[in-house]
2 protein chains.
Amino acid sequence: MTRWLSDDEQRTWRALVEMNRLLGEVTDRQLQHDAGIPVAYYAILVALSEAPDRSMRMSALAEAVEGSQSRLSHAVARLADRGWVRRRRCDSDGRGWYAELTDEGFEALQAAAPGHVTAVRSAVFDVLSTPQQHALREAATLISQNLRPHPVDVT
Amino acid sequence: MTRWLSDDEQRTWRALVEMNRLLGEVTDRQLQHDAGIPVAYYAILVALSEAPDRSMRMSALAEAVEGSQSRLSHAVARLADRGWVRRRRCDSDGRGWYAELTDEGFEALQAAAPGHVTAVRSAVFDVLSTPQQHALREAATLISQNLRPHPVDVT
DNA sequence: GGGTCTTAGTTGAACGCTCAAACAACTACC
DNA sequence: GGTAGTTGTTTGAGCGTTCAACTAAGACCC
């Protein structure tokens, strides 16, 4: 027998789904329009920009942005087309590749960041009190931990 | 000057993004694998099943599932291909169309629902206390309200 | 040192989404 | 009763994602 959702739970679930959708839409559109960057790519650029030498192994990068290798592979190919990322063989492991953020990529990221941050702030942080933010983070963290194979720092 | 995110805010934002992604992935995969239904289509079937006569005007349906008309149009076309939805002209308005859930569609929905509910329950409701659920709903509702043109019942 | 297994990464097709453009039917106005 | 504008819906191209299949290089082992 299925245990259906109560009205209360259903409202919570729908609110969650709607927030998800809206948040995704808004950030995506903002980045796409203001900077011509799909959100998915933005995350990749951010991860690279934070890495030493602005470069990472493909698999490490995939893990960092929580995406499949296939997706990363396609994405990096596109980013390389735009000249934002360069690929380099790995000396120590002939199978491996590095993705490296180019200067152009870094500039594109710098140009895109302010608008993105502003959008995020006005969508989330301007409408929630600090306790509300923490409660949201707590819930999000618990759900994520439960969902992913390797739980992560809860701080 | 951009007001960047504090460490605290950044952690919240990342937790939120990750939850979003995982939640989407999990529910999508579950439905796709167990029932061959993309989440997006599931929402459409649900909306239709709850409507009088199991049928709705295209535009009303689009609004109900919070999607663009274009998306709805594509989606209904696919659902019609599968025989889950039927389209009927609108008598009173020659431009209008109704989408109507077929018996096959209703059965597909009934078959898919238990697995979906179970997935949702174990992803969200099994890991959050009732106060945590309410806090999450509160935050999600506030964010959604702020993001969408027409705020909605807060209950 | 030649099998077999595993790991790193790529590829291509299928699919849903978005966007902009199109089309058709209704409405208003003069 | 045309013509201009609006509304309801569809269409097609472009794009990112997923999935399954594939290549190729390391690792292991006898």
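Residue numbers start from 1 in every chain, and the chains themselves are labelled A, B, ... in the order their sequence lines are given, proteins ahead of strands.
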Taken in chain and number order and not counting sequence neighbours, the residues that satisfy ring-ring contact (aromatic ring centres under 6.0 Å, His included) with A/His116 are A/Tyr42

List, with names and distances, any nitrogen or oxygen atoms from the protein found under 3.5 Å away from nitrogen or oxygen atoms belonging to nucleotides 20-22 of chain C.
none

From CD (B/Gln145) to CG (A/Leu22), nearest 0.5 Å: 11.0 Å

Calculate the interatomic distance between A/Leu61 atom CG and C/dG9 atom C1'; express it in whole Å. 13 Å

Taking the cut-offs as 6.0 angstrom to the six-membered ring centre and 45 degrees off its axis, would you call A/Arg78 and A/Tyr41 a cation-pi pair? no

Under the salt bridge (Lys or Arg N to Asp or Glu O under 4.0 Å) rule, collect the residues that match up with A/Glu25, sequence neighbours excluded. A/Arg21, A/Arg29

A/Asp28 and A/Gln32: side chain donor to acceptor below 3.5 Å: no

Do the non-hydrogen side-chain atoms of A/Leu48 and A/Trp84 ever get within less than 4.5 Å of each other? no

Ordered by number, residues from residues 90-97 of chain A within less than 4.0 Å of DNA chain C (heavy atoms) are A/Arg95, A/Gly96, A/Trp97

From the set C/dT18, C/dC15, D/dT18, return the single nucleotide nearest to any side-chain atom of A/Arg71. D/dT18

CD1/A/Ile44 to CG/A/Leu72 distance, rounded to the nearest 0.5 angstrom? 5.0 Å

In whole angstroms, the gap separating P of C/dC15 from CG of B/Leu31 amounts to 17 Å

What integer distance in Å separates A/Arg89:CZ from D/dG26:P? 9 Å

I want to confirm an ordering. Mapping B/Arg29 and B/His74 to their closest nucleotides on DNA chain D, which one lands closer to the 5' end? B/His74

When the distance from CD of B/Glu63 to C1' of D/dG8 is rounded to whole Å, what number comes out? 13 Å

Close residues, residues 36-57 of chain B, relative to DNA chain D [heavy-atom separation under 4.0 Å]: B/Arg57

Between B/Met58 (CE) and D/dT7 (P), how many Å, whole number? 19 Å

The residue, A/Gln69 or B/Gly67, whose nearest nucleotide of DNA chain C is more 5′ is A/Gln69

Roughly, in whole Å, what's the span from CG in A/Leu79 to P in D/dC15? 13 Å

Looking only at side-chain N and O atoms, does A/Glu9 offer a donor or acceptor that is under 3.5 Å from a partner on B/Gln133? no

Rounded to the nearest 0.5 Å, what's the gap from CG on B/Leu128 to NE2 on B/His134? Could you check? 11.0 Å

List for me each residue that meets salt bridge (Lys or Arg N to Asp or Glu O under 4.0 Å) alongside A/Arg88, sequence neighbours excluded, and say none if there are none. A/Glu100

Side-chain N or O of B/Arg78 closer than 4.0 Å to phosphate OP1/OP2 of C/dG16: yes

What distance separates A/Thr130 OG1 from B/Asp8 CG, expressed to the nearest 0.5 Å? 7.5 Å

If hydrophobic clusters are built from ILVMFWY residues whose side chains come within less than 4.5 Å, do A/Ile37 and A/Val120 share one? no

Once you round it to whole Å, what is the distance between P of C/dT18 and CG of B/Leu72? 11 Å

Over all strands shown, is A/Ser59 touching base, sugar-phosphate only, or nothing at heavy-atom distances under 4.0 angstrom? sugar-phosphate

B/Glu25 CD to D/dT18 C1': how many Å, rounded? 10 Å

